[in-house]
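A, B, ... follow the sequence lines: proteins, then strands. Residue 1 opens every chain. What's counted below: heavy atoms across the whole structure, side chains too, no hydrogens, waters or symmetry copies.
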2 protein chains.
Amino acid sequence: MNTTINDVAKAAGVSISTVSRVLSDNPRISEDTKKRVRKAIKELKYHPNAIARSLANKATKTIGLILNTEAQTLIRNPFFIQAMTGISQYAQENGYNVMFAYNKNEDEDLNIAIRYITSRSVDGIILFTSRANDKCIEYLTKEHFLFSVIGRPDKTEGVLWVDNDNFQATYQVTDFLISKGHKKISFIGGPIGHNVSRDRFEGYKRAISVHGYTIDENITFLNGDFSEEFGYECLQKLIETCEFGEKFPTAIVTSDDMQALGVLSAMRKANISNIAVTGFNNTPVATCGNEVFVSVDVNAEKLGFYAAKLLLDKIEGEEDAPTHYIIPTDLVESKPFI
Amino acid sequence: MNTTINDVAKAAGVSISTVSRVLSDNPRISEDTKKRVRKAIKELKYHPNAIARSLANKATKTIGLILNTEAQTLIRNPFFIQAMTGISQYAQENGYNVMFAYNKNEDEDLNIAIRYITSRSVDGIILFTSRANDKCIEYLTKEHFLFSVIGRPDKTEGVLWVDNDNFQATYQVTDFLISKGHKKISFIGGPIGHNVSRDRFEGYKRAISVHGYTIDENITFLNGDFSEEFGYECLQKLIETCEFGEKFPTAIVTSDDMQALGVLSAMRKANISNIAVTGFNNTPVATCGNEVFVSVDVNAEKLGFYAAKLLLDKIEGEEDAPTHYIIPTDLVESKPFI
DNA sequence: AGAATCTGTGAAAACGCTTGCATAATCTAT
DNA sequence: ATAGATTATGCAAGCGTTTTCACAGATTCT
């Protein structure tokens with residue numbers, strides 16, 4: 001069997017209480033004893049059993065991750081894996097493990113959350129979501145279970161969350177385009193149920209109107225999904241309604257690199273090339289065309305990192321820790337691949 | 001506090017042993033008692049504490065995932081997240097949790113493995129690797145700790161692993177190109193330290209020679225990395241050495257979609273368009289150009305699924321379970337995006 | 001010198017569960 | 001009717017820690 005605290009105690013000629021205290025560097029133990037015990041620990045290659053610790057401490061030192069996303073999105077958008085690395089990093093630095101469960105739909109999702117909680121397997125949960133009226137949030141709140149959310153939820157009251165300033169992001173990218181001389185800028189949005197979609201649209205609107213232009217509904221596409229297909233369709237509609245020439249936008253602000261990809265694809269097919277396109281997520285795809293391309297990097301790794309920080313600070317009972325973080329976005333101008 | 005087995009026992013008027021036995025549906029308990037206990041369980045909303053269970057059972061019902069990969073690769077290649085979903089799925093179906101730790105380098109990686117094991121936090125480990133002489137494998141083997149590997153390791157003896165038949169994959173794709181009439185086919189390989197690179201090259205070689213052609217070193221690029229840059233460079237070298245015309249290959253077999261992307265990019269820049277390019281991983285990027293493009297789908301989700309199966313079957317002490325799985329690959333011909 | 005305080009350590013309970021063994025009650029076979 | 005087997009349940013030890021409380025011995029104070 002594995003060496004336990006008992007073996008160490010015996011080897012060092014002390015009681016297990018003393019060993020336990022040496023482990024936590026309790027000041028009540030004399031330096032002499034500490035040395036002796038530590039020597040025994042080393043010689044026996046003793047490592048405390050995490051499970052037994054958890055039981056005694058009523059804390060698992062583990063957090064759970066809940067990914068409620070369609071496989072497609074997960075695969076096409078590096079956002080998730082990036083955020084996960086950020087979470088893992090902060091967790092490791094603070095001696096926490098992270099459990100992860102992938103689910104196809106919201107109901108299963110909730111089940112996982114319930115299982116995590118009721119079986120007391122985790123001390124807290126990080127939720128990937130920006131869905132309106134998320135069931136998990138509701139449940140977790142009701143159960144008074146600690147969690148943090150990546151993506152600003154509907155009701156922020158009493159919940160820990162981290163997000164970009166999506167308003168600011170599209171404002172900035174639109175403003176950037178205007179500063180480059182663009183006067184007619186189209187917008188392609190995401191699913192209307194997500195806060196992120198609304199915010200991005202609002203940011204675009206503001207930038208447009210601040211500069212004295214008006215929103216043209218013919219070149220504004222709302223409530224799509226973050227897909228290539230949608231981007232492609234939008235450009236086709238644009239071609240239909242605007243014909244070419246004056247009415248055609250000189251730039252397009254999209255809400256996702258995949259949408260942008262669809263737009264670029266459609267452009268290439270229609271043999272249009274002088275339209276600036278922007279996206280979100282700074283996906284590798286961005287460099288795929290030979291066009292200049294601007295993408296908003298949402299710093300997913302940081303989003304994850306701070307989501308973990310929010311949660312762990314709360315778990316550790318930190319007083320007056322912040323309740324949310326806004327992670328700045330970066331405009332990344334990818335040159336055509338050299 | 002939370003309701004424990006004691007509360008249930010009291011409510012049902014039985015001992016905790018009985019409750020425990022009802023939980024595991026022990027046949028020695030009478031149906032009558034079972035009903036009574038189950039009623040109490042429901043009423044009290046009792047859920048067994050996973051930690052306490054683990055301690056008593058000396059099993060955590062948790063497996064650990066170790067990702068030793070550069071962030072870049074992780075982000076650009078959906079392979080990992082796909083495999084992870086497969087793992088999560090099989091684990092969930094069998095009542096296991098999965099822990100995940102992301103690391104930048106091999107040493108930290110080993111540390112995580114050591115921590116997982118020495119603290120007894122997991123029952124087994126899944127390793128993502130195809131690195132020659134992996135330190136983790138060595139360590140895990142030495143410690144007699146259960147693990148499975150995604151990617152065929154150097155020494156397969158006594159280790160559980162799952163992989164594609166990479167030889168077969170490039171053989172197939174090369175053969176496919178030849179059947180389409182291509183006679184001069186270039187090859188772009190991956191890092192020579194990985195088995196996967198060697199296998200893919202061998203498959204290509206075999207297909208070429210089986211059809212009576214010979215390998216031309218001038219159009220064969222080995223020991224690169226799985227990157228866009230490398231693909232780009234290769235095509236440039238091709239242009240330099242082959243000039244255009246007869247000596248130029250009519251098709252290029254690459255070892256990764258990213259390499260293929262680089263090739264396509266360079267082609268576009270040099271205004272070449274009639275060269276068939278193939279890749280690996282069936283990345284969304286594949287559809288990025290408007291060219292026809294063939295990618296080998298490695299079925300990453302299945303790789304993960306079976307890696308989990310191998311491990312869990314072993315953990316559960318399944319007799320004569322297989323020691324490895326070969327997951328078939330699929331040739332995916334992506335039409336130019338409509 | 002005796003009381004009060006401080007230091008360093010150990011005994012034992014607690015965390016919430018599983019399981020081997022014991023036992024009481026019922027049933028079967030003689 | 002009685003020994004033996006069977007069925008249904010409980011007792012208590014054990015899993016490997018942490019932590020409260022107690023206490024012995026050393027130190028300080030009056």
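Dashed line: the shortest gap from a side-chain N or O of B:T18 to OP1 or OP2 of D:dG10 is under 4.0 Å. For D:dG16, the OP1/OP2 oxygens have a side-chain nitrogen or oxygen of B:K58 closer than 4.0 Å. The phosphate of D:dG10 has OP1 or OP2 within less than 4.0 Å of a side-chain N or O from B:S15. Within the 4.0 Å cut-off from OP1 or OP2 of C:dT18, at least one side-chain nitrogen or oxygen of B:S20 is found.
Between the side chains of A:Q89 and A:T85, no donor N or O sits under 3.5 Å from an acceptor N or O. Side-chain polar atoms of A:S17 and A:S20 form no donor-acceptor pair below 3.5 angstrom. Between the side chains of B:N164 and B:N299, not a single donor N or O lies within less than 3.5 Å of an accepting N or O.
Within the structure, salt bridge (Lys or Arg N to Asp or Glu O under 4.0 Å) pairs that include any residue of residues 315-324 of chain A comprise A:K61-A:E316 (at least two apart or interchain).
If you check every strand for non-hydrogen atoms under 4.0 Å, A:I16 touches a base. A:S30 comes within 4.0 angstrom of the backbone, heavy atoms only, and of no base.
With C:dT19, D:dC11, C:dC17 as the candidates, the nucleotide lying closest to the side chain of B:R53 is C:dC17.
To the nearest angstrom, P of D:dT18 lies 6 Å from CG of A:L23. Distance CG (B:L55) to P (C:dT18): 11 Å, rounded to an integer number of Å. Between B:N49 atom CG and C:dA14 atom P the separation is 17 Å, expressed in whole Å. We find that CG of A:N26 is positioned 13 Å from P of C:dG10, with the value rounded to whole Å. Between B:K10 atom NZ and C:dC17 atom P there is a gap of 13 Å when expressed in whole angstrom units.
Toward the 5′ end of DNA chain D lies the nearest nucleotide of B:T33, the other residue of the pair B:T33 and B:A52 mapping further downstream.
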N/O to N/O distances under 3.5 Å, protein versus nucleotides 20-27 of chain C:
{"from": "C:dG20", "atom 1": "O6", "to": "B:R21", "atom 2": "NH2", "distance (Å)": "2.5"}

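Ion pair B:K58/B:D123 not flagged as a salt bridge, since none of the NZ, NE, NH1 or NH2 atoms sits closer than 4.0 Å to an Asp/Glu carboxylate oxygen.
In this structure, B:L311 and B:S148 approach most closely via the heavy-atom pair CB-OG, 3.8 Å.
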